[in-house]
Q: 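This structure is in structure tokens; I'll ask about it shortly.
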Amino acid sequence: MKIASWNVNSLKVRLPQLAQWLADARPDVVALQETKLEDARFPVDELAAAGYRAVYSGQKTYNGVAILARGEPQDVVTDIPGLDDPQRRILAATIGDLRVVDLYVVNGKAVGDPKYAYKLDWLAKVREFLAREHERHPNLVVLGDFNIAPDDRDVYDPVAWGGEVLCSPPEREALKRITDLGLHDSFRLFEPDGGHYSWWDYRQGAFRRNMGLRIDLILLGDALKPAARAAAIDREPRRWERPSDHAPATLDLDI
DNA sequence: ATGGTTGTTCAACAA
């Protein structure tokens, strides 16, 4: 099966691109971030026409996550213990034998900003949730927009980005505390080299110049690691008209 | 250095 994560930066704007990509790439499970839609406005019928069931946790203007799958997602969780948060950033569901957790990690704005403190606190609380999920569901996939470049290979200009938000040591340490739960960055099971990014700023022709960061990740629990067959970032939809600033990350799993 | 671009909403914020 094929799993994917895509920050669509407004599902209202990006629905045509998403439908095209679903038809082209034919993923079995897709985690979306930044849908920016209230649940009542989620395009259930359009996605059903594309062959996908959906669960979603959205809000107006900001944030919003969704999981698309061929079958009905079960045991849906939108809120976790210890995190009383109106921001819709977490969605967990069971799809067949797979437990899927979709995350839209806090951006953090800048090191030292109150939003940066919120990001680190959010990550610590989500880590505790993921530890419990992993105990209950060995076949765990955690994917989404992590808003953290795991290491300097994931950054086009590590000197310029050194210590900045998305690359700072406390953020990378918070991510490591999550991967240390036995959740493996699937892209790095296949690709040791740098220069592969999933987000490029809309400004200054950053995509054309491949000035990007790899911040969209698919983490695989220990039990699923042997089933990984291929990982990629599909830059094709980033070349289309009116693109998201993110490209989909994909993973082929032999299950 | 605080630029520039897109989305939501309509001046300002978030990314």
Side-chain angles (χ1 to χ4, degrees), chain A residues 5-21 31-43 46-47 56-66 83 85-91 102-123 126 143-150 154-168 170-172 174-175 197-217 233-249:
Chain A
S5 175
W6 195 5
N7 180 323
V8 292
N9 185 19
S10 169
L11 184 51
K12 181 182 172 187
V13 170
R14 226 67 67 195
L15 184 57
Q17 291 90 330
L18 175 62
Q20 183 64 56
W21 188 74
L32 302 176
Q33 304 86 36
E34 285 206 269
T35 56
K36 302 186 178 179
L37 283 178
E38 291 174 296
D39 289 348
R41 305 178 76 98
F42 195 87
E46 291 88 339
L47 291 166
Y56 35 89
S57 179
Q59 66 183 93
K60 199 173 174 180
T61 310
Y62 302 120
N63 309 312
V65 282
L83 189 65
D85 189 353
Q87 300 194 23
R88 302 291 80 195
R89 297 179 174 277
I90 302 173
L91 184 61
D102 180 11
L103 300 180
Y104 175 46
V105 174
V106 178
N107 174 286
K109 189 173 170 104
V111 175
D113 190 277
K115 289 176 180 156
Y116 180 82
Y118 164 56
K119 179 178 196 172
L120 294 180
D121 179 63
W122 190 94
L123 284 163
V126 168
L143 75 175
D145 176 358
F146 282 73
N147 269 317
I148 301 171
D154 304 309
V155 182
Y156 75 92
D157 187 344
V159 173
W161 280 86
E164 298 290 328
V165 73
L166 312 188
C167 300
S168 72
E171 291 166 87
R172 286 176 168 173
L175 176 59
Y197 310 126
S198 65
W199 169 84
W200 304 261
D201 198 294
Y202 281 123
R203 297 167 284 192
Q204 299 175 319
F207 178 66
R208 179 175 51 77
R209 300 153 73 189
N210 200 28
M211 297 167 66
L213 304 178
R214 193 176 67 91
I215 56 178
D216 297 273
L217 311 178
I233 299 164
D234 187 354
R235 292 187 302 279
E236 185 60 29
R238 188 65 175 78
R239 301 186 186 102
W240 296 347
E241 286 283 309
R242 219 171 175 197
S244 168
D245 46 352
H246 294 252

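Residue numbering restarts at 1 for every chain, and letters A, B, ... go by the order of the sequence lines.
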Q: Counting only heavy atoms from other residues, nucleotides and ligands, does the tally under 6.0 Å from CZ of A:R235 exceed 12?
A: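 At most 12 heavy atoms, drawn from other residues, nucleotides or ligands, come within 6.0 Å of this atom.
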Q: Considering all heavy atoms of both residues, which atom of A:Q204 and which atom of A:R209 are nearest to each other, and what is their separation?
A: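 Smallest heavy-atom distance, with atoms named: O-NH1, 2.6 Å.
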Q: Apply salt bridge (charged side-chain N to carboxylate O under 4.0 Å, His left out) to the pair A:R203 and A:D201, showing each step before the final yes or no.
A: CA-CA 5 Å; A:R203 297 167 284 192; A:D201 198 294; 2.8 Å; yes
Q: C1' atom, B:dC10 versus B:dA1: distance in rounded Å?
A: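 Each nucleotide's C1' atom is 30 Å from the other's.
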Q: Please confirm whether the ring centroid of A:W240 lies under 6.0 Å from the ring centroid of A:W21.
A: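 Aromatic pair excluded; centres sit 6.0 Å or further apart.
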Q: Would you kindly give the CG-to-P distance between A:D201 and B:dG3, to the nearest whole Å?
A: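 Going from CG in A:D201 over to P in B:dG3 covers 14 Å.
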Q: Check the distance between B:dT5's P and A:R209's CZ and give it to me in whole angstrom.
A: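 About 12 Å, once rounded to whole Å.
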Q: At under 4.0 Å between heavy atoms, which parts of nucleotides 7-15 of chain B does protein reach? Answer with one letter per nucleotide, 5' to 3': B base, S sugar-phosphate only, - none.
A: SSS----SS
Q: Is any side-chain heavy atom of A:R238 closer than 4.5 Å to one of A:P243?
A: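 The answer is yes; the side chains approach within 4.5 Å.
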Q: Could you check A:L83 against A:I90 for side chain to side chain contact (heavy atoms under 4.5 Å, CB included), going step by step and ending with a plain yes or no?
A: CA-CA 11 Å; A:L83 189 65; A:I90 302 173; 4.0 Å; yes
Q: Which whole number of Å gives the distance between the P atom of B:dG3 and that of B:dA12?
A: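 Here B:dG3 and B:dA12 have their P atoms 15 Å from each other.
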Q: Write out the stems for DNA chain B, ordered by first number and formatted as range with range, counting runs of at least 3 consecutive Watson-Crick or G-U wobble pairs under 3.5 Å.
A: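 Listed by first number, the stems are B:5-8 with B:12-15.
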Q: Measuring only the P atom in each nucleotide, how far is B:dG4 from B:dT8? A whole number of Å is fine.
A: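 The same atom, P, in both gives a distance of 22 Å.
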Q: Below 30° counts as parallel, above 60° as perpendicular, anything between as tilted: where do the rings of A:H246 and A:W199 land?
A: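 A:H246 and A:W199: tilted rings.
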Q: Quick check: do A:Y156 and A:W200 have side-chain heavy atoms less than 4.5 Å from each other?
A: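 Contact flag for A:Y156/A:W200 side chains = no.
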Q: Between B:dT2 and B:dT6, how many Å separate the two P atoms, rounded to a whole number?
A: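 After rounding to an integer number of Å, I get 23 Å for this pair.
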Q: Could you measure between the two P atoms, the one in B:dA15 and the one in B:dT9, and give it in whole Å?
A: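 Those two atoms are separated by 15 Å.
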